[in-house]
Trainee: 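For reference, the structure I am asking about is given below.
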Amino acid sequence: MDIGMKWLTELTEAAHREKPGSLVVGEIANYPKEWFPAVDGIMHFTMKNILLGLMNGDIDTQHARRMIERMYSDADYEHMLMSWIYLDNHDTPRLANTVADPQRRRLAQLLQFTLPGSPNLYYGTELGMDGGDDPEMRAPMRWDWVNEQNVSLQWTKQLIQLRRNHRALRVGDFRSVEANALFGFERYTDRIEDTVVVLTNPTHDVVTETVLIANSKLMNTFEFIDALDPNFRVPIYTSMVTVTLQPGEFRALVPDVESRGGYNSYKRVK
């Protein structure tokens, strides 16, 4: 950031010449739009503050949706995919300190792994380490917490597997779901089976809402399955689904594209 766009452009071009395929990520707290292609990606300070504000009730659902939509619309999308989405680092209090409710921390991490970008984990956050202002956030790694009983670690592994299993979460496009109280979006490609619809309830109320998913390939009366809870299924009716989410609850829905009763409408749109 302090180098400026001109010198960063020359630095990035030189890095690419020296090592084709290399990635230059800038520690840039500014709005991302005009910093591409001076760098390949940024550390996404703005996204971090939107997500933490949403989790803590400082930014309401629709305001967060508009800000996130604006960033992805304004900035080059391919560069946004290479940008790091982080929730804490060596200069900030840890996630356990900035979001008090464990369920909302899980929600923030789900968004970190499903919004367009590259999830960036600060050591120990996957274990649930806490730490306030400097130097507390730089405490030594708690290796004694690395075990199968650590709920935070198992949740992080689940999120990593979710991202690995679903191509759209890594390279797919982005569009918001039409909702009111819920915060939702779709990651998608040209293949309907890649689709992931993320629905979340960042409010402090139980919300039942019918949302519109603007994907013409979603077949009427077929179902979504929650990729994080395969026992949860919800039908699709005329591009809409109705869900009830508790405060801080979320769903990562994928379309069930398998044949049903010997018939499969999806075979024509795959």
Side-chain angles (χ1 to χ4, degrees), residues 28-33 35 41-77 79-81 83-89 92-121 125 159 162-163 168-169 172-188 196-215 228 241 243-253:
I28 297 170
N30 306 39
Y31 192 66
K33 178 181 178 181
W35 290 92
I42 60 166
M43 290 178 61
H44 215 324
F45 288 76
T46 305
M47 181 67 79
K48 165 185 168 284
N49 287 330
I50 292 173
L51 293 181
L52 295 184
L54 182 62
M55 295 307 103
N56 289 320
D58 300 322
I59 300 175
D60 69 33
T61 302
Q62 291 304 317
H63 193 185
R65 177 186 61 79
R66 289 192 298 269
M67 288 193 288
I68 289 172
E69 282 180 342
R70 176 69 182 268
M71 282 194 298
Y72 286 126
S73 174
D74 282 353
D76 182 88
Y77 190 73
H79 289 285
M80 293 291 274
L81 286 176
S83 294
W84 292 356
I85 300 181
Y86 76 102
L87 298 172
D88 51 11
N89 67 14
T92 70
R94 287 185 176 272
L95 180 63
N97 294 71
T98 54
V99 180
D101 182 351
Q103 179 61 26
R104 292 183 185 278
R105 289 201 294 270
R106 288 163 59 90
L107 174 52
Q109 290 171 307
L110 173 80
L111 294 174
Q112 178 187 24
F113 276 80
T114 55
L115 283 165
S118 299
N120 184 269
L121 285 171
T125 295
L159 289 174
L162 175 72
R163 189 174 171 88
L169 296 180
D173 288 328
F174 167 89
R175 60 187 161 211
S176 292
V177 166
E178 292 297 329
N180 187 30
L182 298 181
F183 177 77
F185 56 90
E186 180 186 9
R187 300 295 307 280
Y188 65 98
V196 180
V197 174
V198 176
L199 299 177
T200 75
N201 180 9
T203 77
H204 291 277
D205 302 310
V206 178
V207 174
T208 297
E209 197 161 75
T210 298
V211 303
L212 175 70
I213 304 162
N215 188 330
L228 294 169
V241 298
V243 295
T244 298
L245 295 182
Q246 300 296 315
E249 191 177 11
F250 45 78
R251 297 290 179 186
L253 304 176

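When reading the values below, keep in mind they use all heavy atoms of this one structure, side chains included, and skip hydrogens, waters and symmetry mates.
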Trainee: Under the side chain to side chain donor-acceptor pair (under 3.5 Å) criterion, do Gln109 and Arg106 qualify, and how do the steps go?
Mentor: CA-CA 5 Å; Gln109 290 171 307; Arg106 288 163 59 90; over 6 Å; no
Trainee: Begin with the C-alpha distance, continue with both residues' side-chain angles, and end with the deciding distance and a verdict on side chain to side chain contact (heavy atoms under 4.5 Å, CB included) for Arg105 and Leu87.
Mentor: CA-CA 10 Å; Arg105 289 201 294 270; Leu87 298 172; over 6 Å; no
Trainee: After noting the C-alpha distance and the side-chain angles of Asn215 and Glu186, does the key distance pass the side chain to side chain donor-acceptor pair (under 3.5 Å) rule?
Mentor: CA-CA 9 Å; Asn215 188 330; Glu186 180 186 9; 2.7 Å; yes
Trainee: Are any of the side-chain heavy atoms of Arg94 and Thr125 separated by less than 4.5 Å?
Mentor: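 They are in side-chain contact.
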Trainee: Scan Thr114, Leu110, Val207 and name whichever one has a side-chain contact (heavy atoms from CB on, under 4.5 Å) with Thr200.
Mentor: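 Looking at Thr114, Leu110, Val207, the match for Thr200 under the side-chain contact (heavy atoms from CB on, under 4.5 Å) is Leu110.
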Trainee: Measure the spacing between CD1 of Ile59 and CG of Asn49 and express it to the nearest 0.5 Å.
Mentor: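 Between Ile59 CD1 and Asn49 CG, I get 7.5 Å after rounding to 0.5 Å.
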Trainee: Would you call Pro247 and Val206 a side-chain contact if the rule is heavy atoms closer than 4.5 Å?
Mentor: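 A side-chain contact under 4.5 Å exists here.
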Trainee: With heavy-atom distances below 4.5 Å as the criterion, would you say the side chains of Met80 and Pro116 are in contact?
Mentor: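 The answer is no; the side chains never approach within 4.5 Å.
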Trainee: Under the side chain to side chain contact (heavy atoms under 4.5 Å, CB included) criterion, do Val197 and Val177 qualify, and how do the steps go?
Mentor: CA-CA 8 Å; Val197 174; Val177 166; 4.0 Å; yes
Trainee: In Å and rounded to the nearest 0.5 Å, what is the CE to OG1 distance from Met55 to Thr98?
Mentor: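 Met55 atom CE to Thr98 atom OG1 measures 11.0 Å (nearest 0.5 Å).
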Trainee: Within a strict 4.5 Å, meaning less than it, do heavy atoms of the Leu52 and Leu95 side chains meet?
Mentor: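 Yes - at least one pair of side-chain heavy atoms lies under 4.5 Å apart.
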Trainee: Using modelled atom types and a 3.5 Å cut-off, is there a donor and acceptor pairing between side-chain atoms of Gln112 and backbone atoms of Asn120?
Mentor: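 It does hold such a pair.
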Trainee: Any side-chain heavy atom of Ile213 within less than 4.5 Å of one from Glu178?
Mentor: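 No, every pair of side-chain atoms sits at 4.5 Å or beyond.
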Trainee: Please report the interatomic distance CG(Leu245) to CD(Glu209), rounded to the nearest 0.5 Å.
Mentor: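 So the gap between those two atoms works out to 9.0 Å.
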Trainee: Decide side chain to side chain donor-acceptor pair (under 3.5 Å) for Asp74 and Tyr31; before the verdict, give the C-alpha distance in whole Å, the side-chain angles of both, and the deciding distance to 0.1 Å.
Mentor: CA-CA 10 Å; Asp74 282 353; Tyr31 192 66; 2.7 Å; yes
Trainee: More than 12 foreign heavy atoms under 6.0 Å from CZ of Arg70: is that the case here?
Mentor: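 Atom CZ in Arg70 is not packed in, count stays at 12 or less.
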Trainee: Starting from the C-alpha separation in whole Å, work towards a yes-or-no answer on side chain to side chain contact (heavy atoms under 4.5 Å, CB included) for Gln62 and Asn180.
Mentor: CA-CA 7 Å; Gln62 291 304 317; Asn180 187 30; 4.2 Å; yes
Trainee: What is the distance from atom CE of Met43 to atom OH of Tyr86, rounded to the nearest 0.5 Å?
Mentor: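 With rounding to 0.5 Å, CE (Met43) is 5.0 Å from OH (Tyr86).
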Trainee: Would you call the rings of Phe174 and Phe185 parallel, tilted or perpendicular, where under 30° means parallel and over 60° means perpendicular?
Mentor: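 Rings of Phe174 and Phe185: tilted, as their planes differ by 30° to 60°.
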Trainee: For the CG atom of Asn201 and the CD atom of Glu249, what is their distance to the nearest 0.5 Å?
Mentor: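 One finds 8.0 Å between CG of Asn201 and CD of Glu249.
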Trainee: Check the pair Thr203 / Asp205 against side chain to side chain donor-acceptor pair (under 3.5 Å), numbers first and verdict last.
Mentor: CA-CA 6 Å; Thr203 77; Asp205 302 310; 4.6 Å; no
Trainee: Mark yes or no for whether Thr244, through its side chain, and Thr208, through its backbone, hold a donor-acceptor pair below 3.5 Å.
Mentor: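 No, Thr244 side chain to Thr208 backbone: no donor-acceptor pair under 3.5 Å.
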Trainee: Give a yes or no answer on whether the side chain of Arg104 reaches the backbone of Pro202 with a donor-acceptor pair at less than 3.5 Å.
Mentor: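 Present.
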Trainee: Quick check: do Asn30 and Phe45 have side-chain heavy atoms less than 4.5 Å from each other?
Mentor: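 The answer is no; the side chains never approach within 4.5 Å.
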Trainee: Test side chain to side chain contact (heavy atoms under 4.5 Å, CB included) on Met71 and His44; report intermediate values, then the result.
Mentor: CA-CA 11 Å; Met71 282 194 298; His44 215 324; 3.5 Å; yes
Trainee: Under the 3.5 angstrom rule, does the side chain of Ser118 hit a backbone N or O of Trp84 as a donor-acceptor pair?
Mentor: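 Here the side-chain-to-backbone pair does not exist.
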Trainee: Could you check if a side-chain atom of Leu253 sits within less than 4.5 angstrom of a side-chain atom of Leu199, using non-hydrogen atoms only?
Mentor: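 Yes; the side chains approach each other to less than 4.5 Å.
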Trainee: If the test is side-chain contact (heavy atoms from CB on, under 4.5 Å), which one of Leu169, Val198, Leu51 qualifies with Leu115?
Mentor: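 Option passing the side-chain contact (heavy atoms from CB on, under 4.5 Å) with Leu115: Leu51.
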Trainee: Is any side-chain heavy atom of Ile85 closer than 4.5 Å to a side-chain heavy atom of Pro119?
Mentor: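 No. Closest side-chain heavy atoms not under 4.5 Å.
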Trainee: Kindly confirm or rule out a cation-pi arrangement of Arg175 over Tyr188, judged by NZ or CZ under 6.0 Å from the six-membered ring centre and within 45° of its axis?
Mentor: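 Yes.
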Trainee: To the nearest 0.5 angstrom, please state how far the OG atom of Ser73 sits from the CZ atom of Arg66.
Mentor: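 Spacing of OG (Ser73) from CZ (Arg66) equals 14.5 Å.
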